[in-house]
Amino acid sequence: LSTLILAEHEGGSLKAQTLNAIAAANYLGKESSISLLLAGSGPSLQEAAAHAASCHPSISKVLLAKSDKFTYPLAEPWAKLLQLVQKIGSYSHIISASGSFGKNILPRAAALLDVSPISDVIKISEPHLFVRPIYAGNALCTVRYVGSNPCMLSIRSTSFPMISMAADSKSNPAPIDEVDLSTIDEDGISKSRYIQQTTQESERPDLGNARVVITGGRALKSAENFKMVEQLAEKLGAAVGATRAAVDAGYVPNELQVGQTGKIVAPELYMAFGVSGAIQHLAGMRDSKVIVAVNKDADAPIFQVADYGLVGDLFEVIPELLEKMPEKK
Amino acid sequence: MKIMVAIKRVVDYAVKIRMSMNPFCEIALEEALKIKESGFASEVVSVSMGPTQCVDTLRTSLAMGADRAIHVDTKEMLYPLSVAKLLKALVDVEKPGILILGKQAIDDDCNQTGQMVAGLLNWPQGTFASKVVLDKEKNVATVDREVDGGIETLSLDLPVVLTTDLRLNQPRYATLPNIMKAKSKVIKKFTPQDLNVEIRSDLEVVEVTEPPKRKAGVLVSSVDELIDKLKNEARVI
């Protein structure tokens, strides 16, 4: 077995979800070799490659694709890159995290390689036997891959906790090889152009891997009121999440949406304020360790998954929590 | 220019025993209709694949405003790779300038077909779109995409594959006159054999199980009690 991981990097190091993908690759068995594919341009790529080479003892090789074509995460050139690298390396598995980056690129590359990818894997039972949620997480489907190589997976980060770094890993980094891009198929890749990305700057931890997540729903009634949720998050060192209704109403930007089609989170503590608990929302947070729900409506479905429920007015409860909750550790 | 819209029939998320159009496909169809109404396109063709009952879903798409429909009739299990190949074959027949799909179906939650057909066609892809602006002169689509870090904007040459996110638009309801009109619209039937596509399954479903249930929680009566429980029982703060 040999696995290729489509790595994401930013500011000279691997992103957290790529470490989750490495954790997942380790479930394929001890005999499996793991290569990381990094692409991009500029000095930060070299830094990220160094990080990748020494991030875990299971990494046997880092592949580096240096080109301006990969400066932005455009699916067209990246899928062709995966196709090329697979042709050279004949991997048995290709894995990416199932964030918007992997979801955009992996299926396109799979089509070029004429194989069926498997999305959102939450468990690797055997090298070709996987579990993935369907129907917004209301059922779990065990699937066996019976197609030809490569078996392409996107993995749900929250299901594969980050592996600890070996102490001596730094002393023995994996070799870094540059990918020969001279034979890449460039046909059509200039038809898509990156213009910009708008991001809300925030000091708060990343929603995907925060220890505590504080979520607000439509009951907050306005963007102004939603600031109470943000204040509480600040006090607890938590990330802020939102329901689809709160995002649709314009209280917060889209990247905060938790649910079937938004972010999947599984923090140690999830606190939901004014969230009714639609199945699409539960799909995004039901694996949280401890769930707290505060809602005026005692019949809200969120209470069926909450470890601690408080029936009450969030406009009274949040200020009281702000006053009484201990500061972040 | 033509627009093709791919539509999937799924279990209705609100009523468990009813089948209906996948919500993301409704958004895809709405976007196609809006583009046609803006004068950019002349025809909207909806496409669905699967058993005979897909015709009902296609009839709904005609009632919403699609001009005609295509049904690929098959009882075989269709995974996204097969759907993408069938769509590519239909694109080769119909030659649309835009192919719009929902970003995922709410049954299998795969989120793959749009990307796969774009790859097979070697067309640019604008996935998870929350805003689409078309430039008729340049033949370019400017697409806002919902990505993990916020909104990404791309400029894509037509022909293009788009997949829709939730906030792209608000799908319309079919009106009674349009439901009546839809009855006389044409639904053309193909089989995978007609399209020279071999249906292949790379996957076998071994079992479908219920996820582990969460233990029933407790209701607390005050903020003080909640903080106490979080501190001393759950030990998370």
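Chain naming here is simple, since letters A, B, ... match the order of the sequence lines and numbering starts at 1 in each.
With a 4.5 Å cut-off on non-hydrogen atoms, B/Ser221 touches chain A through its backbone but not through its side chain. With a 4.5 Å cut-off on non-hydrogen atoms, A/Leu129 touches chain B through its side chain but not through its backbone. Heavy-atom distances place no part of A/Gln83 under 4.5 Å from chain B, backbone and side chain included. For A/Met152, no part sits under 4.5 Å from any heavy atom of chain B, backbone or side chain. Contact annotation for A/Gln196: both backbone and side-chain heavy atoms come within less than 4.5 Å of a heavy atom of chain B. For chain A, the nearby part of B/Leu226 is the side chain; its heavy atoms alone come within less than 4.5 Å. Looking at B/Pro211, both its backbone and its side chain come within 4.5 Å of chain A, counting heavy atoms on both sides. Heavy atoms closer than 4.5 Å to chain A are found in both the backbone and the side chain of B/Glu207. Proximity to chain B is limited to the side chain of A/Gln257, based on heavy atoms less than 4.5 angstrom apart. Contacts of A/Ala139 with chain B are made by both backbone and side-chain atoms, with heavy-atom separations under 4.5 Å. For A/Ile291, the parts sitting under 4.5 Å from any heavy atom of chain B are the backbone and the side chain alike. No part of A/Pro253 comes within reach of chain B, as not one of its non-hydrogen atoms sits under 4.5 angstrom from that chain. With a 4.5 angstrom heavy-atom cutoff, B/Val10 does not touch chain A via any of its atoms. In this structure, the portions of B/Ala234 lying under 4.5 Å from any heavy atom of chain A include both its backbone and its side chain. In this structure, chain B has a heavy atom under 4.5 Å from the side chain of A/Arg132, while its backbone stays farther away. Contact of A/Val131 with chain B is not made at all, since no heavy-atom distance falls under 4.5 Å. Of the atoms belonging to B/Ser130, not a single heavy atom falls under 4.5 Å from chain A. When heavy atoms are compared at a cutoff of 4.5 Å, B/Leu158 does not approach chain A at all. With a threshold of 4.5 angstrom between heavy atoms, B/Leu154 approaches chain A through its backbone and through its side chain.
The shortest distance between side-chain heavy atoms of B/Val236 and A/Lys289 does not fall below 4.5 Å. Side-chain contact check for B/Val208 versus A/Leu140: every heavy-atom pair is 4.5 Å or farther apart.
Ion pairing between a basic and an acidic side chain is recognised when a charged N comes within 4.0 Å of a carboxylate O; B/Asp56 and B/Arg9 show no such pairing. Salt-bridge check for A/Arg156 with A/Asp120: passed, with a basic side-chain N closer than 4.0 Å to an acidic carboxylate O. We find that A/Glu255 and A/Lys263 are not joined by a salt bridge, their nearest charged nitrogen and carboxylate oxygen being 4.0 Å or further apart. A/Glu76 and A/Lys191 are not joined by a salt bridge, as no carboxylate oxygen comes within less than 4.0 angstrom of a charged side-chain nitrogen.
When only modelled atom types and interatomic distance are considered, B/Thr164 and B/Glu31 share no side-chain donor-acceptor pair under 3.5 Å. A/Asp187 and B/Asn122 share a side-chain donor-acceptor pair at under 3.5 Å. B/Gln104 and B/Asp108 share no side-chain donor-acceptor pair at under 3.5 Å.
No donor-acceptor distance shorter than 3.5 angstrom exists from the side chain of A/Ser288 to the backbone of A/Ala266, with no hydrogens or angles considered. Within the 3.5 Å criterion, the main-chain N or O of B/Ile7 finds no donor-acceptor partner in the side chain of B/Asn22. No side-chain donor-acceptor contact under 3.5 Å links B/Asn169 to the backbone of B/Glu30. No donor-acceptor pair under 3.5 Å is formed between the side chain of B/Thr142 and the backbone N or O of B/Ser155.
When B/Lys231, B/Lys229, B/Lys213, B/Glu204 are compared by the number of non-hydrogen pairs under 4.5 Å with chain A, B/Glu204 comes out ahead. Ranked by heavy-atom pairs under 4.5 Å with chain A, the list B/Glu146, B/Lys85, B/Gln125 is led by B/Gln125. Heavy-atom pairs under 4.5 Å with chain B peak, among A/Ala136, A/Gly312, A/Gly147, A/Ala298, at A/Gly147. Among A/Gln197, A/Gln280, A/His128, the residue making the largest number of heavy-atom pairs under 4.5 Å with chain B is A/Gln197. When the candidates A/Arg108, A/Glu316, A/Met325, A/Arg244 are compared by the number of heavy-atom contacts under 4.5 Å with chain B, A/Arg108 comes out ahead. In terms of non-hydrogen atom pairs under 4.5 Å with chain B, the most contact-rich of A/Leu106, A/Val115, A/Ile105, A/Val317 is A/Val115. Top candidate by heavy-atom pairs under 4.5 Å with chain A, chosen from B/Ser201, B/Pro212, B/Gly126, B/Gly119, is B/Gly119. Options B/Glu152, B/Arg214, B/Glu210, B/Lys103 differ in how many heavy-atom pairs under 4.5 Å they form with chain A, and the most are formed by B/Arg214. Of the listed residues (B/Asp148, B/Val206, B/Asp109, B/Leu81), the greatest number of heavy-atom pairs within a distance under 4.5 Å of chain A belongs to B/Asp148. Most heavy-atom pairs under 4.5 Å with chain B: of the set A/Ser100, A/Ala111, A/Gly99, this distinction falls to A/Ser100. Options B/Val223, B/Val147, B/Leu120, B/Thr163 differ in how many heavy-atom pairs under 4.5 Å they form with chain A, and the most are formed by B/Val223. Heavy-atom pairs under 4.5 Å with chain B were tallied for A/Lys80, A/Lys103, A/Glu268; the largest tally goes to A/Lys103.
Within a 6.0 Å radius of OH in A/Tyr72, other residues, nucleotides and ligands contribute 12 heavy atoms or fewer. Counting heavy atoms of neighbouring residues, nucleotides and ligands inside a 6.0 Å radius, atom NZ of A/Lys235 exceeds 12 of them. Applying the 6.0 Å contact sphere to NZ of A/Lys123 captures no more than 12 heavy atoms from other residues, nucleotides or ligands.
The side chain to side chain contact (heavy atoms under 4.5 Å, CB included) check on A/Asn209 picks up A/Ala16, A/Asp206, with sequence neighbours excluded. Not counting sequence neighbours, B/Trp123 has no partner by the ring pair (Phe, Tyr, Trp, His ring centres under 6.0 Å) test.
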